[in-house]
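Below is one structure, written out as structure tokens; the observations come after it.
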Amino acid sequence: MIKRRILVTGGTGYIGTHTIVELQAKGFEVIVIDSLVNSLSGVLNQVEQISGTKPLFYEFDLCDKTALENLFTIEKNIDAIIHFAALKAVGDSVENPLLYYQNNMLSLMNVLDAMIKFKVKNIVFSSSCTVYGQPDSLPVSEETPMKKPESPYGQTKQMAEQILSDVVKSTSLDVISLRYFNPIGAHDSALIGEYPIGAPNNLVPMITQTAVGIREKLLVFGDDYNTKDGSCIRDYIHVVDIAKAHVVAIERLLEGKNKSNYEVFNLGTGFGFTVLETIKAFEKVSQQKLNYEITSRRTGDVEKVYADTQLANNELGWKAERDLENMLLTAWNWQLNLKELKLK
Ligand code: NAD
Ligand code: WQD
């Protein structure tokens, strides 16, 4: 049987690697493009250790339109694309807005142009709960009006969704945008996980790096929010659950089960946890006492956000399965294993 071929942009990144493993488990052939601006190509050896297959890898920047068109000329019969590639550091995007607009918008537009030119119909796009800002009501459904994003990064996700929803009107493209809430955790094998290049921005890598002694202490940004313990609430979701949702979305497009040319789904658990609850859960599963200190609020943080997951549950037939303790245990096992892996 001919394997269906999925092009995964940003495939050496955190969510990309986990998704490749799930795609391969379902019999898809995977081709990866990544510029390695925020990842290492060696992770594909780890993918191979898990799945037995190393995906084909092309290293170039998607802003390079010629390189992208060359790839489509060489690699024929691509059935669908998952477009993960983007810069994602919120604070960095405030410092370097042009870099984020250029990278995230130009890479998306080049991918869309190439899809039209080379007649590839299906694309799954990585969106984010950041498009909602601080919503007026919770949980957030796909119908909840978007607020002005807090950062240029968030703006690129809103703009990307706008572009995609416009493009489907005049082309035969079919698009699914997946709005992830807070992806954390790692593969059960501890062979792949989140690998921040430089200092991490996100809570869980900060927790695990503090616990392992790379950082002296974790700063908790604010305990004076209107929540049960004063710290912010997020909908943390296991990266493997996110990865599995991509396989479901790809199958939906390939089987023509999508109900419109542009669909949007929230990917969350539907449950919100505070920062302090997350720390407690980490201490429980890791048996480590975490050195942390409450400090002032971080600019741009929303107080609380968690997903209404009904649409994804009912329409995609997908549901997040892993709980917070499993997310933190797998993140911890990955952090412990990193010393052994010597990634390049
Ligand atoms: P990541 O940084 O680990 O992976 C993104 C990959 O894209 C990296 O390997 C990077 O080298 C590559 N890349 C960036 N720009 C590129 C370009 N111009 N050409 C080729 N490759 C390029 O990030 P991730 O956490 O795996 O996120 C994947 C996607 O999901 C991103 O679009 C991100 O914005 C989105 N997202 C992430 C989160 C999260 O918290 N991790 C939440 C919501 C949405
Ligand atoms: C979670 C909570 C912090 C670090 C970001 C992006 C969002 C999406 C997911 C891509 C917050 C607190 C954190 C620390 C802390 N990404 N915290 N000390 O900000 O919810 O979302 O990642 O689309 O767009 O904005 O995630 O992990 O940074 O923070 O107290 O050292 O942990 O204040 O309440 P966030 P995060």
Side-chain angles (χ1 to χ4, degrees), residues 8-19 32-41 43 58-64 67-68 82-91 93 99-100 102-108 110-111 125-133 149-151 153-154 156-157 160 177-184 192-197 199-207 209-210 215 217-223 225 227 231-237 239 242-243 246 267-268 272-276 278-279 292-305:
V8 178
T9 77
T12 49
Y14 173 43
I15 305 173
T17 43
H18 291 81
T19 302
V32 173
I33 301 174
D34 204 297
S35 64
L36 305 181
V37 63
N38 197 38
S39 56
L40 302 170
S41 59
V43 294
Y58 290 88
E59 181 187 342
F60 64 87
D61 188 328
L62 290 160
C63 297
D64 181 347
L68 184 59
I82 305 180
H83 184 52
F84 289 113
L87 295 174
K88 64 163 183 177
V90 174
S93 81
L99 176 68
Y100 277 68
Q102 275 166 357
N103 187 74
N104 294 2
M105 305 325 299
L106 195 53
S107 56
L108 172 66
N110 284 346
V111 167
F125 174 72
S126 296
S127 189
S128 167
C129 67
T130 195
V131 299
Y132 296 115
E150 292 286 349
S151 68
Y153 166 73
T156 68
K157 292 296 177 193
S177 281
L178 299 175
R179 292 180 183 156
Y180 322 149
F181 279 63
N182 286 59
I184 62 169
I192 52 173
E194 185 166 13
Y195 186 72
I197 300 205
N201 304 292
N202 297 111
L203 178 64
V204 171
M206 283 301 290
I207 289 178
Q209 288 195 5
T210 304
R215 294 177 194 281
K217 71 176 126 182
L218 170 81
L219 296 176
V220 174
F221 299 135
D223 67 348
Y225 286 98
T227 62
S231 61
C232 291
I233 291 179
R234 296 289 182 272
D235 185 340
Y236 297 100
I237 172 163
V239 67
I242 296 252
H246 286 76
L267 297 185
F273 290 94
T274 68
V275 175
L276 294 172
T278 308
I279 291 172
Y292 70 90
E293 183 182 299
I294 311 286
T295 179
S296 49
R297 294 180 177 197
R298 181 171 71 175
T299 313
D301 264 341
V302 303
E303 181 171 271
K304 47 187 146 186
V305 63

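Both ligands and their constituent atoms are indexed starting at 1 by order of listing.
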Any N or O of D61 that comes nearer than 3.5 Å to an N or O of ligand 1?
-> yes
Decide yes or no on salt bridge (Lys or Arg N to Asp or Glu O under 4.0 Å) for D235 and K304, but give the supporting numbers first.
-> CA-CA 9 Å; D235 185 340; K304 47 187 146 186; over 6 Å; no
4.0 Å heavy-atom contact, G11 with ligand 1 = no
Nearest heavy atom to atom 2 (O) of ligand 1, choosing from N38, T130, T156, belongs to N38
Tell me which part of E194 gets within contact of ligand 1: side chain, backbone, both or neither, using heavy atoms under 4.0 Å.
-> neither
Counting distance only, does the side-chain N/O of N202 pair as donor-acceptor with the main-chain N or O of V204 below 3.5 Å?
-> no
Would you say Y14 and ligand 1 have an N/O pair spaced under 3.5 Å apart?
-> yes
Is C129 touching ligand 1 with its side chain, its backbone, both, or neither, if touching means heavy atoms under 4.0 Å apart?
-> neither
Contact (N/O only, under 3.5 Å) between Y153 and ligand 1 | yes
Check whether any heavy atom of I33 sits under 4.0 Å from an atom of ligand 1.
-> no
With sequence neighbours left out, write down each residue that passes salt bridge (charged side-chain N to carboxylate O under 4.0 Å, His left out) with E194, or none if nothing qualifies.
-> K88
Could I get the full list of ring pair (Phe, Tyr, Trp, His ring centres under 6.0 Å) partners for Y236, not counting sequence neighbours?
-> none
Hey, does F60 sit under 4.0 Å from ligand 1 if you only count heavy atoms?
-> yes
Partners of S93 by side chain to side chain contact (heavy atoms under 4.5 Å, CB included), sequence neighbours excluded?
-> Y100, S151, P152, Y153
Heteroatom distance test (V37, ligand 1): nitrogen or oxygen, under 3.5 angstrom = yes
Just checking, any donor-acceptor pair under 3.5 angstrom between side chains of T156 and N104?
-> yes
Is there at least one pair of N or O atoms, one from L87 and one from ligand 1, spaced under 3.5 Å apart?
-> no
Quick one: do the S126 and Y180 side chains pair a donor with an acceptor below 3.5 Å?
-> yes
Flag for S39-T12: side-chain donor and acceptor within less than 3.5 Å | yes
At a heavy-atom distance under 4.0 Å, which protein residues reach ligand 2? Sort them by chain and number, would you?
-> V90, S128, T130, Y153, N182, N201, N202, L203, M206, L218, L219, V220, F221, C232, R234, Y236, V275, R298, D301
